[in-house]
Every structure is written in C-alpha cells, then in structure tokens.
Amino acid sequence: MPHLPDSHHDHDLALVAALAAGDAQGRDHTRATELVTSCTECALVRDDLVALASSLHSLPAPRRTRDYRLTAEQAATLRPTGWRRQPLGWRRFLGAFGGTGFRFATPVGTAMATLGIAGLLLSAVPSSLPAGTTGDGTNSAAGAPPAASDAAILESVVPSLGYGLSGGSAIPDASASAAAYQPAATGIAKASARAAAPSAAPSAAASTESVTSIDPSAPPASRAADLAQATTTSDTPVPTRTTTSPTALVFTSLLLLVGGAMLVLLRAASRRVTPA
Amino acid sequence: MLDSPRLAIAVGRAAQPVDDLHSNEVVEDPIQRRDLILVERSRGGDLGAFNDLVECYQDQLFALVARMVPDRDQASDAVQEAFFSAYRNLHGFRGGSVRSWLSRIAVNAAMDTQRARKRRPVQPYPELEDDSWQPPAGPEADPERTAVHAERTRMLREALTTITDDQRNAIVLFDVEGYDYQEIADLTGVSLGTVKSRIHRGRLALRARLEDRMELLRSDR
C-alpha cells in the first residue's frame, strides 16, 4: 500500500478529480481510491465534484435575443465574387492544400523563402566587397593582376608576331588583323578571352610559359597557330579553381524563394477556400 | 420551424444518397438527412434553405457560445459571425454531421472572441442576465424549490465566469453540452489528455470558488 501524506493539503486533488470523472486508471486509480477512503476531506471533494458535474448538466440554456437568419443583402455581401461560377476543380486543387496533411506547408515554405533570400543576399555580397576581394572569399592579389598580366602576355607575344599592338585592348587589334591573319587572330582572341576571365589566373600564367616557347623564327601564320594550340593545350593540365558559380547560387536562391512563397500562398489561399 | 413544408419534405422523403458531399452513403438519420439536403440546396444558392438550417441550430449554438462567452453582446456577435462563416464556407463542408460542423465553427468564433477580449482587456465579464426565470409553473410547483434552483443556476454561472477560458470551454462542452472527450479535442484543437486535465482542474477551480455554498449543490443530488 503506497504511503499517503498525512495532511489533506498535501494530497493530490487532481487524482481525486480524475477519479470523480471516472478517468483514473491503473496506479492513479489505486492512489485516488486510497485518498478518498483514507481522507474524509478528499472524499468530500470527490462528492462535491460529482455534484458540480451533475448541476452543470442541468443548467438552463441561455435564451437567444436575436434572429440569426440571413437577409438577402447579407447573403449577397457574404457571397464571394464568382462564388458559384468558380470551377470545382480549382477549388478542389486548393482544398487539397488546406488539409491537415499539408500543415507543414507554411513552415517549410517560410524556411525555403528565407534560404532563398539569404542566398540572394550572399550572391549580392561580392559586388559590395572592397576591391581586392572576390566573391569566393579569396584575396585576389593574384586575381586583380590577371588583366594586367594578360596585357603583358599579349604585349610580349604580339610584337614578336609583328601585329603592331599598341595599347588599349588587344582584341580590337586582333580582330583588325584578322583579315590578314585569320587563324592567328582567332587564336590570340581566344587567348585573351581566356586570360581575361577572372578565375583563370593560373591558366594565364601557364599560357605565358607556353607562349614564350613558341619559335619566333616560324612564319607568322604558323606561329599564331602554334600560339593558339599552345594556349589550348596548356589549358588542359592547369588546375582550375572549383567554385560555385554565382549564377547557380542566384538561380537556386530564386527557386527556393519562389517555391517557398508559392507554398505559403497556396496554403493561405486554401485556408480561405476551406472552412475552419 | 420543423413543420415548414420544405423541412417536412426533406425529412419525409425516402433515404437517398446526397450528391456532392463526398459520400455516397445513404444517410439513415432523418435529421442528418434533412441537414444534408438543406446544405446542398444552400450551396445551390437557396438562401431560404440556409435560413432553415439557421432556424434549426441558432438556439443550440447561441446556448453553446453564450456559456463560453458570458458577455451576451459578444456571444451574440460571435454566433452571428459563426453563421456568416458557415454561409461563406458552404462549399468547404465535406459531409458528415452538419451539427458538428456548425458547432466547430461556433466554438472557433467563441474562442476568437475570447482571444480578442484577452488582447483588449477592458473589464471582467459584466453581471450576467438572470436566465433562471422559468415560465409560470403549475400550482404543484414548490416555490422554495424554484428559488433554490434559481440561486444554484446563478451561482454556477457566476463561478463559470471566474475560471480560465480554456477550463470553461472544456467544462461547458463536456458537462453542459455533453460532448465526449474526443469531440472536444477535435473542436478545440488540443490533445485528449489536455481536455481531461482542463476539465479536472476546472471542476476543482469551480469547487474552490463555490466552497462556502456547495451545500446548495449537494442538496440537489
């Protein structure tokens, strides 16, 4: 037999209430029965609770003081626009999102939208960083010079080819000389285009090596072809930096944002279509 | 109300499947069949059918809401809002018991009113109207018994206004309206254990409020 506290104030009246309601089971029932058999005040509480429940059941119903029938004007106001013309399939589709099975839609949608916004903000950060840093978080001490080193490469190559490259961008000159040296110009243009890419600094360095190894005594056209080939072949072994493209990040973020917003909106719309 | 030609036809006709209520089961209960037919007609734009439904349930819903929201004006507004909501959402009714559907809407409206009152606390619930008045009884009625009954009703109503909204809702739905635990859990959106706990604690709280007048209730047994 479990030990019961001596004082009635220490007795668990919730157990007595459960017993009075017929809800006490197992150990609780045993303990509650012990309480009401050993403590007269607990027994009184039990009797009072039973009497209360019985009296509540016989409470007279409050009288209504208003007629709640709808007037035609009220009905017209309450009826949504196009209420009866809306296709059933549309309502059914929205109604499917209003069920308890889609209770997760709002939190998941909110989370997706938040991730999307965070992603968009992250992708916007590089443009607001101070000069000398890149979007992938690396200091571009080697990244800023690529443009300069590209120009140096072209300066070192082009005079030896006799193209007369003089300042400015190499590409216009290359395209200008394309009439005479079409393959060579194309190769140079390719080289400069590759070297101009911000993430191709190592590649540019490699192409410098390969360009300097071109035989200057060869005819200009074949030298240009060699240059193009050297540049092409030198691209292959050079390790490229594997970073997530900002475009992919933006695209994914937008997808998340739109998807999340659609989930939240669908859920909200379905809750309007289906009743409480 | 129930003797209107429309309802007499609805109740009197042979049991038949009611379309568009997501169920092809034949409804045996005449009240339920009547309700489903009225809902179906209301969906078709028949305002009279909806008002027949209102007539059938307005007393019941008002009694339910007025016990949950002791302020009569607020209770009345909540019932009106519940019927508005029911009319707006007729297309969302998915079959089953119309009474339960309407009760759920009314309970939600009452709980919304309670929440709004919590957000803008103004004053405790005003003195309740004395609903203990009963039609003049026959000569066999005992005046003392009538007076005791009136006093008991008044003190119970008063005590009900002093406990928490959650406890009052559970007690009204269980002890007064006669819903079972599971129905109350569905209506109020809480677990079965919470419903039981609220009822037990609510009764204990009521007893604590009425401790010095419990003799009046004991004598009723």
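Taking chain B as the reference chain and counting heavy-atom pairs below 4.5 Å, the highest number among A:R64, A:R66, A:Q74 is found for A:R64. Counting heavy-atom pairs closer than 4.5 Å to chain B, the top residue among A:A72, A:A18, A:A14 is A:A18. Of all the listed residues (B:D77, B:L61, B:I171), the one sharing the greatest number of non-hydrogen pairs under 4.5 Å with chain A is B:D77. Most heavy-atom pairs under 4.5 Å with chain B: of the set A:V45, A:D67, A:L13, A:T71, this distinction falls to A:V45.
No hydrogens or angles considered: a donor-acceptor pair under 3.5 Å links the side chains of B:N169 and B:Q114. Judged by distance alone, the side chains of A:Y68 and B:N51 never bring a donor and an acceptor atom under 3.5 Å apart.
Ion pairing between B:D175 and B:R67 fails under the 4.0 Å rule for side-chain N and carboxylate O. Here A:R31 does not pair with A:E34 in a salt bridge; the nearest charged N to carboxylate O distance is not below 4.0 Å.
For B:L64, no part lies near chain A; criterion is any non-hydrogen pair under 4.5 Å. Neither the backbone nor the side chain of A:V16 comes within contact range of chain B, judged by heavy atoms closer than 4.5 Å. Proximity to chain A (any heavy atom under 4.5 Å) is shown, for B:F84, by both the backbone and the side chain.
Between A:D12 and A:L35, the shortest heavy-atom contact is O-CD1, 3.7 Å. The shortest heavy-atom contact between B:V172 and B:M68 is CG1-CG, 4.2 Å.
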Hey, mind stepping through A:R46 and A:E41 against salt bridge (charged side-chain N to carboxylate O under 4.0 Å, His left out) and telling me if it holds? CA-CA 9 Å; A:R46 196 246 343 244; A:E41 288 180 80; over 6 Å; no
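Residues of residues 197-213 of chain B lying under 4.5 angstrom from chain A, judged on non-hydrogen atoms, are B:H200, B:R203, B:L204, B:L206, B:R207, B:L210 by number. For a heavy-atom cut-off of 4.5 Å, chain A lies close to B:Y181, B:K196 in residues 179-196 of chain B.
Residues satisfying the side chain to side chain contact (heavy atoms under 4.5 Å, CB included) criterion with A:L254, sequence neighbours excluded, are A:L120, A:V250. Checked against salt bridge (charged side-chain N to carboxylate O under 4.0 Å, His left out), B:D73 has no partners two or more places apart in sequence or in another chain.
Side chain of B:S100 to backbone of B:G96: no donor-acceptor contact under 3.5 angstrom is found. A donor-acceptor contact shorter than 3.5 Å links the side chain of B:T153 to the backbone of B:H149. With hydrogens and angles disregarded, no donor-acceptor distance shorter than 3.5 Å links the side chain of B:S76 to the backbone of B:R72. B:S103 contributes a side-chain N or O that, together with a main-chain N or O of B:R99, makes up a donor-acceptor pair within less than 3.5 Å.
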